[in-house]
Participant: 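Quick one: the structure is below, questions incoming.
Along the sequence shown, residues are numbered consecutively beginning with 1.
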Amino acid sequence: MPNPPAKYNEIPAFDSAQIRISRSGDVEAYVSVPAMGQLPFNSMRSILADKLSGPASSISVRCPDTSAMAHGSGAFGSRGLVSGGSALQ
């Protein structure tokens, strides 16, 4: 009998983020959360604007090339905002 599938709460959740601030004050944030149609990036933009005390309009949140960033644990069960948002903080 094959092993049963892991439960979502048994899968390690880790993600990473890189934040770049230009001389003009624009912010680019790269998170290891993939874009899977859940669109967590607007909420992540708001989290980062709050943490940096700046306007959300100057912040862009993107998925980076996986060769340029540490691995994350993926997007499943709507966990992207929780894990990616935490990585930005």
Participant: Taking the side chain as every heavy atom from C-beta outward, state whether L48 and R45 have any pair of such atoms under 4.5 Å apart.
Facilitator: no
Participant: Answer with yes or no whether the side chains of S32 and D15 bring together a donor and an acceptor at under 3.5 Å.
Facilitator: yes
Participant: What is the distance from atom CD of Q18 to atom CZ of R62, rounded to the nearest 0.5 Å?
Facilitator: 13.0 Å
Participant: Once you round to the nearest 0.5 Å, how far does OG of S43 lie from CD1 of I47?
Facilitator: 6.5 Å
Participant: Taking S60 for the side chain and E28 for the main chain, is one N or O donor matched with an acceptor at less than 3.5 Å?
Facilitator: no
Participant: Which heavy-atom pair separates V31 from A17 by the least distance, and what is that distance?
Facilitator: CG1-CB, 4.0 Å
Participant: Which heavy atom of G25 sits nearest to which heavy atom of S58, and what is that distance?
Facilitator: O-OG, 4.1 Å
Participant: Got a second to check how far L88's CG is from D50's CG, nearest 0.5 Å?
Facilitator: 12.0 Å
Participant: Measure the spacing between CD1 of I59 and CG of D26 and express it to the nearest 0.5 Å.
Facilitator: 9.5 Å
